[in-house]
Structures are given as C-alpha cells and as structure tokens.
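All remarks here apply to the structure that follows.
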Amino acid sequence: MKEYKQIFNGKYDDKGAVQAIDILNDKPLTKDYFKTRPDMKQRIEKAINTGTYLASYQRGTRLGYTFIAEEDVKQAMINKPPIEGVKVIKKGSFKNAKPPSNFFINELKWKFLIRNIERGKNIMMTGPSGCGKTDATFKAAEYLNRKVHYFNLGATQDPRSTLIGNTHYSKDSGTYFSESSFVRAIQQENAVILLDELSRAHPEAWNILMTVLDPIQRYLRLDEKDDSPTIKVASGVSFIATANIGMEYTATRVIDRAILDRFALFEMDVLSEDEEYQLIKGRYPSIDEKKLLQLCAIISDIRKEVNSNSPRISTMVSTRNTLEIAELILDDFTISEAADLLIYPLYPNDGNDSERVFVKQLIQKYVGEKEQHPLFQVDFKD
C-alpha cells in the first residue's frame, strides 16, 4: 500500500460547485485554490462521479495521484501518525523548532520567537487585536518548559507600584517597602516576562523599563526603598511585549523610539482561511462541516475587504471572535444569529450605505436565509 500524502473527499455543494477536504490532514481546498489548480478540480470531480477518493503520493520529486476506495481510506486513517504534542527542546536547538500542531504560526517566525527566548532577548509582537500575540508567548514558553510572568501594562494606573513596589506603614514595624511581583519575576533565571498591551502603558512605565530592557544595563532601581538599591535582571530572562498599532485602536500611544530600539519587532500574521478552518476543526471536531466552511469563507472575505485598496469596512473579525462564533454554532445558533451577536456590533450603522449593511449583505450571500428583522429598519414616530 502506498504512503499517501493527502486524501481528498470531494462533493458538490447546493449550487453544484466542487468542494473537497484533505481528510488525512484536516485541510479544505478553498475556491481560490481551485482557480489556480483547475487540474485538481477535474481530478476531484472524477472522484465524486466514480464514488472514490483522490489520494496523492510521492513520485520522484513530484506528487502522483490515484483514486482509492473507502477500504483503503480506512486503512490509511488507521496508520495516520498521531498529532504531535508540545515538545521540550534543548538549548540552542531552535534551528529544528516546529510549532505545536494546535497552534498556527509561520515556521520562520516561530523559530525566531523560540531563538530569542532561548537567548534571553527581547521581542515586541505587533498585530491586530485577537490575532494570537499573547497566546504565541504562552505556547513558546510551554514549548521550552519555561514559566510566563504576565503583566498587563494597559490596565496599570500606577506604573511605579506595579513595576517597583509600594511603601507601607505598620504600627509594629513602622515604614517598610514591599517589592512588586515584577521585581521578583526579573530575578528568576530563564523567566519569560510578558509585558502585555505595552502600547497602552503610561509613559512613566516606559521610563522605568528603560534600564531593565537595555541589553547592557539590565537593572531596575528601587527608588522607593532606602538607599535606592539596584536589582539585576537574572540570566536568561526574556521580555516579550505586545502592542496594537494602528488608527482603529483607541487609548494607544506612539511608543517611544528608545523603547522600540530595545526590542526585536515581530509581526503576527492573521490566519488564512485554511489555517482558521484547521484551528476551529481541531478545537471543535463535532462542529457542523457546512457551517464551518461558510463561517471561514465569511471571515476570509471580511479580511480581504479590509486589506483591499479601497476598503468599505474599517476593521476585521479577529480569530478570537471567530472562535466565539464557532462556540455559538456548537450551541445550535445559526450563523445569522451568531453574526447578529458578535459581528455586526463591530461595524457602525449610520445609514443605508453603512459598514454594517455591507457586512450583512456579504454574510447573507453565504447563509442564503432571511434575517429575522428587515435589513433596512426605519422607526416611525408620531
């Protein structure tokens, strides 16, 4: 029996268009794929019409294709290798680092992230909200078997108490200094310090972090404590900051160039339609296949519109939001109902030519069902 690389299960949708899923790798073929590979469309159509599956195998330097019966598919699925879990790698072995199968990130960027953590270097992760910046940090630390110390600088009202500590008074011992959890964290060797929402931090926090993040100085001065001692950052500590950069994010600040120079910039990519499908299918394997394909296509079209030359909408739907929508679908909400709750509120509704109307029309194109209320609703008052 050949060692198959892919096994495609094809079918026609309600409109007669060809659809297919690589069931060996849990990866669908999108409509854009068929536009560039008409040969694959023809092969899959033949498989549909003959009641077989299309399988690929290695033939020299290229892939060969054959049609197989359901019995062969069952055997191939039995021999399918198990999903790889999180691996612990030795120091310096980042060259062979592979992302865990339950997390989608560019392999080169994952290797760079692992390398910087191993080398105790600083990274600033940028990208739209909900694209996985914080999750990537925890996944990378877990991969290396390191502990993450989390500090949300965007929610910090008093940077000095959060990063340095506070002076207190007690009847028994008088005035004393209590150091912050940040001070304790930076003294732990090989720790991963997550500075979340750095672009929302108070400038005072940036001033305090200047010497901490500097690759040569690497110390924190405790000004509130007697004699103002300095705390050295322990060996192997890596600082990872996350930041939302762009006009759509309110309450963010233009980060000081001196702070930026202390980080290697790392841009998180938004998931592709295929990657989003695999992520949701992996987390919720019982989700309705048709609804999942519709959801991924809708989210993909929204993101394409945002990135077009003349976008008619101002923001995209994040992966975090998409996972929440998938949970609603699992709980028997329709896509229209889920969109009404979690997608439409993201877009202003200021007339018949509004962003919300555009998104509603886009979604209705996929779900093919009437809304529970009129698309254009006018309130008449006496």
Side-chain angles (χ1 to χ4, degrees), residues 91-92 94 112-126 133-134 136-138 140-243 253 255-266:
K91 186 175 178 66
F94 50 82
F112 180 64
L113 177 59
I114 295 297
R115 176 261 183 189
N116 276 29
I117 292 176
E118 281 198 327
R119 295 291 185 246
K121 294 182 178 292
N122 307 331
I123 298 176
M124 178 176 289
M125 305 181 72
T126 65
K133 298 185 295 294
T134 303
T137 302
F138 279 94
E142 184 181 12
Y143 193 100
L144 293 166
N145 197 27
R146 297 193 182 191
K147 183 178 180 180
V148 176
H149 300 268
Y150 177 85
F151 299 92
N152 187 343
L153 297 185
T156 300
Q157 301 298 321
D158 185 356
R160 299 198 71 81
S161 62
T162 299
L163 298 175
I164 298 177
N166 286 306
T167 301
H168 302 278
Y169 175 77
S170 169
K171 288 184 179 180
D172 298 328
S173 54
T175 302
Y176 67 95
F177 174 77
S178 176
E179 65 184 26
S180 68
S181 57
F182 180 78
V183 172
R184 295 190 293 273
I186 65 174
Q187 296 179 78
Q188 297 184 25
E189 287 191 4
N190 300 323
V192 177
I193 313 294
L194 177 54
L195 305 173
D196 207 12
E197 303 285 0
L198 185 63
S199 52
R200 298 178 185 273
H202 192 281
E204 177 67 11
W206 299 347
N207 293 334
I208 295 170
L209 291 170
M210 284 290 187
T211 56
V212 178
L213 299 171
D214 187 277
I216 297 175
Q217 300 181 75
R218 301 279 281 183
Y219 72 83
L220 174 66
R221 185 177 298 281
L222 305 184
D223 294 326
E224 276 75 4
K225 194 172 184 179
D226 292 342
D227 301 326
S228 299
T230 58
I231 301 296
K232 296 293 291 183
V233 177
S235 173
V237 172
S238 176
F239 294 92
I240 301 181
T242 69
R253 294 180 169 88
I255 300 177
D256 188 285
R257 179 57 189 267
I259 283 287
L260 285 177
D261 283 346
R262 284 160 167 75
F263 291 95
L265 291 182
F266 183 103

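FYI, side chains are in, hydrogens and waters are out, and symmetry mates aren't considered; it's all heavy atoms of this structure.
Scanning both residues, I117 and A140, for their nearest heavy atoms gives CD1-CB, 3.7 Å. A pairwise comparison of heavy atoms in A185 and A191 identifies O-CB, 3.9 Å as the closest pair. What you find for W206 and L198 is that their closest heavy atoms are NE1-O, 3.3 Å. Taking every heavy atom of both residues into account, R146 and E118 meet most closely at NH2-CA, 3.9 Å.
Under the 4.5 Å side-chain criterion, counting only non-hydrogen atoms from C-beta, L220 is not in contact with L163. With contacts defined as side-chain heavy-atom distances shorter than 4.5 Å, the pair F138/V192 does not qualify. Under the 4.5 Å side-chain criterion, counting only non-hydrogen atoms from C-beta, N116 is not in contact with I240.
Between I164 atom CD1 and R221 atom CZ the span is 10.5 Å, to the nearest 0.5 Å. Here the CD atom belonging to Q188 is positioned 7.5 Å from the CD1 atom belonging to I193, to the nearest 0.5 angstrom. Put simply, CG on L260 and OG on S199 are 10.5 Å apart, with the number rounded to the nearest 0.5 Å. Rounded to the nearest 0.5 angstrom, S238 OG and N122 CG are separated by 6.0 Å. Taken to the nearest 0.5 Å, the CE atom of M125 stands 12.0 Å off from the CZ atom of F263. To the nearest 0.5 Å, the span separating CZ on F239 from CE on M124 amounts to 13.0 Å.
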Under 3.5 Å, side-chain donor or acceptor atoms of residues 207-216 against the rest of the protein: list the pairs with distances, not counting sequence neighbours.
residue: T211; atom: OG1; partner: Y219; partner atom: O; Å: 2.7
residue: D214; atom: OD1; partner: I216; partner atom: N; Å: 2.8
residue: D214; atom: OD1; partner: Q217; partner atom: N; Å: 3.0
residue: D214; atom: OD2; partner: R262; partner atom: NH2; Å: 3.4

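T137 pairs by the side chain to side chain donor-acceptor pair (under 3.5 Å) definition with nothing, not counting sequence neighbours.
Relative ring orientation between F182 and F151 is described as perpendicular, the plane-to-plane angle rising above 60° on a 0-90° scale split at 30° and 60°.
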